[in-house]
Structures are given as C-alpha cells and as structure tokens.
There are 2 protein chains.
Amino acid sequence: MPVRKGATIDPARTRAAILETATPLLYERGLDGIGVAELCARLGISKETLYRHFGTKDGLVEAMLEARSERVTRWLAEAAEAAGQDPADQLTAVFDALQEWYDDPVFRGCAMLNAAAQHHVASVRDITARHLDGYLELLTGIAERAGAADPSALGRQWLMLVEGATVVAAHHDAAGAGEHARQAALALLPAARTGPRD
Amino acid sequence: MPVRKGATIDPARTRAAILETATPLLYERGLDGIGVAELCARLGISKETLYRHFGTKDGLVEAMLEARSERVTRWLAEAAEAAGQDPADQLTAVFDALQEWYDDPVFRGCAMLNAAAQHHVASVRDITARHLDGYLELLTGIAERAGAADPSALGRQWLMLVEGATVVAAHHDAAGAGEHARQAALALLPAARTGPRD
DNA sequence: CATAGACCGTACCGCCCGGTTCGATGAGCC
DNA sequence: GGCTCATCGAACCGGGCGGTACGGTCTATG
C-alpha cells in the first residue's frame, strides 16, 4: 500500500529515512555545524532529493525537531506509564530514564533547547515552547494524581528540575544529575500534598 | 594616567568599550547572528581596531563571555550577601534577582548556555562549565551555612533549579519562574538539614 | 615639530554556504 | 514499450562570511 500511487520508490519512506539519518548528525554537530552539502553526502542522497522533500534546510530542521520532540516526550511518558500507578514511582522512572540519556556518550543536551539557543527563528522557538508544554503536561498529570494542592505549580517545579538536570548534565557534569534531580523532585512531593505548609 | 605611555587614546579603555557595547548585540542576535562587518558598524569602530584588540571573532566572543560570566556571578553573590546572614534569605534574594532578570525585556536566557549550545568549540564549553562552577560554589556555600547534611548535593539541586528556571523563563514562560523555583529551593532546605529522612 | 601608533574607511580576498539547474538513470504503472 | 517520476551527481550561482591590506587622520609625547 504505497502512500502515493504514482510514486516509484515510496517518497514517504525516503523522507522518513532522511529524517532518521539526519537527526543524529544535526544533533551532534549542531544545526549550523554541518552544511547541506556534507549532510547530503553523509546521507547518501542528492541535494535535489533533500530539497524536494523539505524545501529548505530550515524545513528539514523543523521537521526533525518536531519528530524528535514527539519521540522523546512519548519515550518519557511510556517510562512513567510502565512504572505503575504510584506517582512517586512514575517520577522516579522519569528521572531514571533521563539519567540513562545523560550517560549516553552521544548526549549533548536537549536538541530543542540547543536549536532555540542558536536559531531564533519563530518557528524553532515555537517548537521548543511546545516541547516544554509536552513535558509540563506529563509532569502536571503526575502531580495531579499525587494529590498536590497546586498541581500546575508542582508540575512546573518538576519541569525546572528536568530541564535543570539536563542542562547541568550537558554542560557541567552528567554523573548523578538524574539522581540528584529525582531526590529533589521527590522531596517536593510530601510538602505539596496540601500546600506549602501542612 | 594612561594605561600605556606610547598609546594615544588608551587602548585598554577602547577594548573595554568594545566589550561593553558588543555584549548586548551578541546576546540579542546570537554569536553567529551578527557578522563582524555589521558588528563593527554598530560599534562605530573599524574592523582593524577589532582585530587588533581581539585577534579573531572567537577571541572577542571568549573575552565577552568571560567578562559576562564574572559579572553575573558577582551580581548574584552580591544579592545574596546583601540579604543578610540567614541562608533562606540569601536563597530568596538569589531567586528574586533572577526573576528581575527574567522580566527584563532583553532577557534571552543564559548567554553562556546559548553560546555552548551553538559553538561547540572547547574554549566556549570550558567557559560555560566554569560559569556553572561559579554558581555551584555560591549555592554550595549557602547550603553549608544552612547546615545541610550534604551541602554539595543540595547546592547541585539548587543549581538545577536556577538553570531550570532560567531555561523555562527563556523558552516557555518567564512569569513567576523565579518564584516557583524559589519555593522549590526553600522546600528542599528543611528536609536536607540532617539528610533525606530526619 | 617630528615621531609613533591607535584608529578610520574602504576595498579586497578566498571560502563556503544555501539553493538551483540539468542531463542521465532506473524503477514502477498503464 | 512508453510514460511518469523519484533519484543521482555534478556543475553552477550569488551572497555573505571572517579576515587582511592600505592610505590617510589624529593625538599625545619628547
């Protein structure tokens, strides 16, 4: 069942393959750290193919970021879900998953934050903001199920711990960043059940 | 009292003036977002002068980041010091100062993090790492005076809150980011006095 | 008043970047 | 077998980049 009947080698599959291969390269070298020519050479495709699928280098970047944001958010959500019903367990699962990521030798921080830090095009900034939205939604959900008096505030504090741990792991020291953040996140939980002062 | 006797218009002062004027431009537009030609035009200097003082655009960038890191770290340390002896007050002063920064219309996140996210040159990454070192030292000092069982761990958690708040403020929503981070930081304090479980 | 050197303005250089074009190739559909 | 079209590879383009060179101006010093 080809996506386009007139197409020969299934353009949709080609597009997906380009995205998949380009993502780690753009992540490792930075969005402006690798040119279109070298990128295509590494991908084993011609520039014409790239431009037919994405129109622009920015188009590729946006599609890549969008896909990556969805992927990583879903990955964290599934880690939380797999941890069972206890909010504390879910939180622990999230930070454990993050620590795994930090320990990966290719870890270079959050791709969306990196992108927003260099490209201040509106579209990239929007993707980053929506990415943080996704994180916030996940964390706020946990806060709600934990019976927090102000779930959105607690979710936001957890979001800061997640992003702070990622920044510290990327630019300072990855060892134990997830664990330290997890301990802090868990410490916020009991105090928040019925408010800042019980 | 000229810095150099043979010099006419005091090169040291010129260099300082270049740094001072270039800093906000490079911060607002991004390191690669403004070229040397436009930069010099805005500074009102010739390219030759810039290159005589800094040798390279990267040289200017490094000098700028170094100066900015020192400035902002000293600014936070002074805010803490001015808050008196109570560690909780010092912590509050730090996050209040941060919130002021977030509310500044020119706020675009931490310049050192932004720089490290795009330029993965070793020198820039080192400056960023040392910048986080400076923050960590300040926060660990507060944790020690607060009688934390593990001051370096608590300092690191506070560092994550500081950086997380800055990231969230820059890329998601600045309103109340400092306050939320401050509440979280203060909530970590009592639990950490004698350890995670009292 | 002569010398040194900080500084300006502009032209210039080579390079690389994002993006376009084109002819050739080969796979799938009617 | 002919049509369509995705794809390749390579040549090409204009522009902007970081960086250099140079002639001229001004200012402090001795």
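Just so it is clear: chains get the letters A, B, ... in the order the sequence lines come, proteins before strands, and each one is counted from 1.
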Legend entry - B/A116 to B/T128 - nearest heavy-atom pair and separation: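 Heavy atoms only, the tightest pair is CB-OG1, 3.4 Å.
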Inset, instruction - Can you sort out the partners of B/R74 under salt bridge (Lys or Arg N to Asp or Glu O under 4.0 Å), two or more places apart, ordered by chain and number? - result: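 Testing B/R74 for salt bridge (Lys or Arg N to Asp or Glu O under 4.0 Å), a comparison that skips the adjacent residues, returns none.
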Inset, instruction - Quick one: list whatever passes salt bridge (Lys or Arg N to Asp or Glu O under 4.0 Å) with A/R130, sequence neighbours left out. - result: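 A/E66.
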Legend entry - Interatomic spacing from OH in A/Y135 to SG in A/C110 - rounded to 0.5 Å: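 One finds 5.5 Å between OH of A/Y135 and SG of A/C110.
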If only side-chain N and O atoms of [X] are considered, is one of them under 4.0 Å from the OP1 or OP2 phosphate oxygen of [N]?
{"X": "A/T49", "N": "D/dC8", "result": "yes"}
{"X": "B/T14", "N": "C/dC7", "result": "yes"}
{"X": "B/K47", "N": "D/dG19", "result": "no"}
{"X": "A/T56", "N": "C/dG19", "result": "yes"}

Inset, instruction - Assess whether atom CZ of A/R52 is packed by more than 12 heavy atoms of other residues, nucleotides or ligands within 6.0 Å. - result: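 Yes - once you tally the heavy atoms of other residues, nucleotides and ligands closer than 6.0 Å, there are more than 12.
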Inset, instruction - Verify the neighbour count for atom CD of B/E137: are there more than 12 heavy atoms of other residues, nucleotides or ligands below 6.0 Å? - result: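 No, not enclosed.
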Roughly how many Å is it from [atom1] in [X] to [atom2] in [N], rounded to a whole number?
{"X": "A/E48", "N": "C/dG23", "atom1": "CD", "atom2": "P", "result": "12 Å"}
{"X": "B/R13", "N": "C/dA6", "atom1": "CZ", "atom2": "P", "result": "16 Å"}
{"X": "B/Y51", "N": "D/dC17", "atom1": "OH", "atom2": "C1'", "result": "9 Å"}
{"X": "B/R52", "N": "D/dA21", "atom1": "CZ", "atom2": "C1'", "result": "14 Å"}
{"X": "A/L60", "N": "C/dG18", "atom1": "CG", "atom2": "C1'", "result": "13 Å"}
{"X": "B/H53", "N": "C/dG5", "atom1": "NE2", "atom2": "C1'", "result": "11 Å"}
{"X": "B/L43", "N": "C/dC8", "atom1": "CG", "atom2": "C1'", "result": "14 Å"}
{"X": "B/K57", "N": "D/dG19", "atom1": "NZ", "atom2": "P", "result": "8 Å"}

Legend entry - Within residues 26-39 of chain B: residues closer than 4.0 Å to DNA chain D (heavy atoms):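 B/G35, B/V36 - these, ordered by number, are the residues of the stretch whose heavy atoms sit under 4.0 Å from the strand.
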Inset, instruction - With heavy atoms under 4.0 Å as the rule, sort B/G44 into base, sugar-phosphate or nothing. - result: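 Here B/G44 touches the backbone only, sparing every base.
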Inset, instruction - Take A/V94 and A/Q99 through the test side-chain contact (heavy atoms from CB on, under 4.5 Å) and record every step on the way to the result. - result: CA-CA 9 Å; A/V94 166; A/Q99 182 67 54; over 6 Å; no
